[in-house]
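Counting convention: from 1, in listed order, for ligands and their atoms alike.
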Amino acid sequence: MDNIYFFSGQDRLPKTVDRELLGIRGRQAVEFAELGFPILPGFIIDARLASKLESVDIQRDIKKLLDKCALFVDKKIGDPDNPLLLKIVVSSNLAISNYPTLHNFGLVRSVIDGFARWVGNQFAAHEVLFLVRGMLKIEELLAIAENDTTRLPDVQMQLRNVEGELKQEHPARDALSYMNEYAPYLPLGFFDTAEDQLISALRRISRLLSKDEQNDNDTALMVQPMVYGNYGKDSCSGFFFSRNIVTGEKKLQGEFYREKFNEIGAQGQPIEKIGIDHLKQLEQIAWTLEDRFKEIRQVRFTVEKGKLWLIEQRPVEQKSTQADIKLLLDLASRKVVDEAYIVKAIQPPRLNEILHPVIDFASTKELPKYTGGISGAPGAAIGRVFFSTEALLEAHKVALQKNEDARFILVMPATFADDVKAIEVATGVLSCEGGYSAHASVVARQYGKVSVVAPEMKIRGKKATLGDLSFGEGDYITLNVPYYGEPSVYLGKASLIEPDPKESGLLEYIQICKKFVKHFHVRANADSPRDAALASSFGAEGIGLCRTEHMFFHKDRINVFREMILSDTPAERAAALEKLEPMQRDDFYGIFKAMAGKEVTIRLLDAPLHEFLPHNDEELQAFMAYLEKARGKKPSKSELLARIEALAEFNPMLGHRGCRIAVSYPEIYAMQVRAIFEAAYKLREEKIDVRPEIMVPVVMNASEVKLIIFGKKIEGKNYRGIVEIEEELRNQRGLKPLSYRVGTMIELPAAALGAGEIARYAQFFSFGTNDLTQTTLGISRDDFTSFMPDYTLFDLLEGNPFSTLDPRVKELVALAVERGKMTRPDLVCGLCGEHGANPANVRFCMEAGLDYVSCSSYSVPIALLAVAQAELERTAVKG
Ligand code: PEP
Ligand code: MG
């Protein structure tokens, strides 16, 4: 008959058949048949006929089709010894269906004993109940559609009964008694003959389809044999993923259940033990599915009397980024897809997961949990809690000495520059002030540590409470900060799965992404040789921001730095700077070397000076002891305290910071500049390609830039600029000049507006969008979370401006690039604020004519992928 189509692994549908008339499930079945998989055969009554079966004689056609099905599964409809049972699938073009699962048609009185001999009495009774439930649901829907209020209550009561029976562990009665009980509520003679049962069911469903308002004449009916994994010896059921969904290893991952219909109450065995022939067949199915869908698939199968049948296959909802990357690399290496395909296939933020340890959820089941707060830096961290940098560093030292667990989590209301050294050794930070661009979050991201900002947390002395959790010094906590969704804090020690960029395929994937990155680059914000090397391995094309202030917080340097800023006389300051210079030189040497052949932008000191001062009496005592040793005489505590007080500021972010420090204390930048060139010339002698770029922070106008780069002579005073300092050092040593660039950060609106003039002196701009956002919107980057929820509530600001560039900030950046390039066409422009890691901002930067973004080393792969994807889109638009 027209409009009914048979399919099997060997029987294709004619090309002329309109696939839209088969519904989603029907189309899928036909597609699999075409792949030559061992799928169950079947037939589809297309959408034109499916709702008209009551008025058409289909008996003969159905009989023929059932005979064809029977040949494949070696059973016969109505056979009392080995009965063929069937399922009916209502196949619409909607993803969600209101229709019940309809199984076991053909199960009638005359075959029930034969069926039970294969599968057991209990299972046979259960299957009768399953059949009855499906049919009663159809009857219920029909009664509703036809507004048959006399029948409906009866049918619904029977449905409740059968559902109650199915909830029991085992059916209470035998199959026959269920048939007798429910027959009166089903089509006449429902349990009399197998073929008639199927046909009457098809007709009832067809009637329902004709009344279904959601059926847009596009719903088909599909009939397929049932197979059972408990059909005697040599039978089993099982499922598997086409590869390991955590590691991505190309090996089936799943279980099978010998002589079981499904996994419920069954003892599973690893899929590789299923036997070599079936394993090979399953692997073949898995690889074909992966190649076809270009993703990991999940497969259900049944083996009945030694014959394997593919029951269902679909996408996998939860799988790791690593697994997807491994699959994509595999597909590309076998040329199933091209490299552009695999670059486009991963959303950049997903790489976060592969760059940080991930939590092993099995280990968190018993741990008390708090969910909420703001994600400062993604990942998972475990450690003992300490409430101050000093306490944490001490505990860390002791742990190392005693060879104990040296994982710690810094818990503080907020962190400051001085706390960087604790964050550096900690695994994570839990703070409560600020948000994504709070100091704790920024530093954590830079060092690849985890950060949660939980405004709800209360810290009192050495105790903290967070929701229902409360923890004290030395207690273990676990932080989990997924890229998507809310962070959680667990009380106790979970376990982690560590990342390995080589093993995970990340490095290979980055190299492929880089092939598409041509005109726009990604640099790293890094301030140690270790970070620089890491960034380089992640594909960074240089360092866009080396924050020099972090280098002064090491314990062997901080007191020298304090000595310098608290000096009474220029001579004392010069002596302290002389001690700092070789330390800085060695830092720069290591960083330049790790980034050989690539630009390294060193930012001269930025942080407000008071951040370096002793914060408590203990630190002051240690500093005084240091001074006494250094100068050979005891310092006056009161004089020191007076000096410390004089350096305090009410609004340090807008105070004595950045180039303003250099205006007042030129010798600080002079020391840094000498250290940069000493390192650079030394490396050049060693034949290493160094490309220094010196950057002046927090400038508001061209005069500041001119002063710092080119110096100024006024009556009685000579301010020596960077150019002069380099020249002097070079001449002293009789060296040939080395090429370098001097530029500035644009992080104040005044600087952006004055970019045209600033570009007369600066060879490059780097947009410090953390400060630029703070100063454009007048929102403190460290305090905005206190009012941000209200702003979000009333829709006053879209998103977090410290993560996604605000339109006004973008306008300033675009304008500054334009004005700057008008003055200096070859002006190099980059962005080094935290925004650099966000793919949405990366696109803006490319469009605004910037040359690169610079972000923390751990964000480099994410930014690179975003750039590669944007480049591919650009080519597609052009092409
Ligand atoms: C900035 O302001 O965007 C920047 C990169 O500098 P910092 O975060 O160190 O102030
Ligand atoms: Mg800044």
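By the 6.0 Å contact criterion, NZ on K579 is enclosed, its count of non-hydrogen atoms from other residues, nucleotides or ligands being greater than 12.
Residues that satisfy the salt bridge (Lys or Arg N to Asp or Glu O under 4.0 Å) test with E724, not counting sequence neighbours, are absent from this structure. For K518, the side-chain contact (heavy atoms from CB on, under 4.5 Å) test picks out no residue, with sequence neighbours left out.
Checked for salt-bridge contact, R530 and E424 miss the test: no charged N lies under 4.0 Å from a carboxylate O. A salt bridge is defined here as a Lys NZ or Arg NE, NH1 or NH2 lying under 4.0 Å from an Asp or Glu carboxylate O, and E649 with R657 fails to meet this definition. Salt bridge annotation for E811-R808: present, with a cationic side-chain nitrogen under 4.0 angstrom from a carboxylate oxygen. Using a 4.0 Å cut-off between a side-chain N of Lys or Arg and a carboxylate O of Asp or Glu, R819 and E757 do not qualify as a salt bridge. E834 has no carboxylate O lying under 4.0 Å from a charged side-chain N of R781, or vice versa, which leaves the two without a salt bridge.
When side chains are defined from C-beta on, N800 does not count as touching I374, because their heavy atoms never get closer than 4.5 Å.
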Would you mind writing out a table of all protein N or O atoms found under 3.5 Å from any N or O atom of ligand 1, naming both atoms and giving the distance to 0.1 Å?
from: ligand 1; atom 1: 2 (O); to: E747; atom 2: OE1; distance (Å): 3.0
from: ligand 1; atom 1: 2 (O); to: D771; atom 2: N; distance (Å): 3.0
from: ligand 1; atom 1: 2 (O); to: D771; atom 2: OD2; distance (Å): 3.0
from: ligand 1; atom 1: 3 (O); to: G768; atom 2: O; distance (Å): 3.3
from: ligand 1; atom 1: 3 (O); to: T769; atom 2: N; distance (Å): 3.0
from: ligand 1; atom 1: 3 (O); to: N770; atom 2: N; distance (Å): 2.7
from: ligand 1; atom 1: 3 (O); to: N770; atom 2: ND2; distance (Å): 3.2
from: ligand 1; atom 1: 6 (O); to: R603; atom 2: NH1; distance (Å): 2.9
from: ligand 1; atom 1: 8 (O); to: R547; atom 2: NH2; distance (Å): 2.8
from: ligand 1; atom 1: 8 (O); to: N770; atom 2: ND2; distance (Å): 2.9
from: ligand 1; atom 1: 8 (O); to: R781; atom 2: NH2; distance (Å): 2.8
from: ligand 1; atom 1: 9 (O); to: R547; atom 2: NE; distance (Å): 2.7
from: ligand 1; atom 1: 9 (O); to: R547; atom 2: NH2; distance (Å): 3.3
from: ligand 1; atom 1: 9 (O); to: R603; atom 2: NH1; distance (Å): 3.0
from: ligand 1; atom 1: 9 (O); to: R603; atom 2: NH2; distance (Å): 2.9
from: ligand 1; atom 1: 10 (O); to: D771; atom 2: OD2; distance (Å): 3.0
from: ligand 1; atom 1: 10 (O); to: R781; atom 2: NH1; distance (Å): 3.1

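Protein N/O/S atoms closer to the Mg ion (ligand 2) than 2.8 Å number 2 in this structure.
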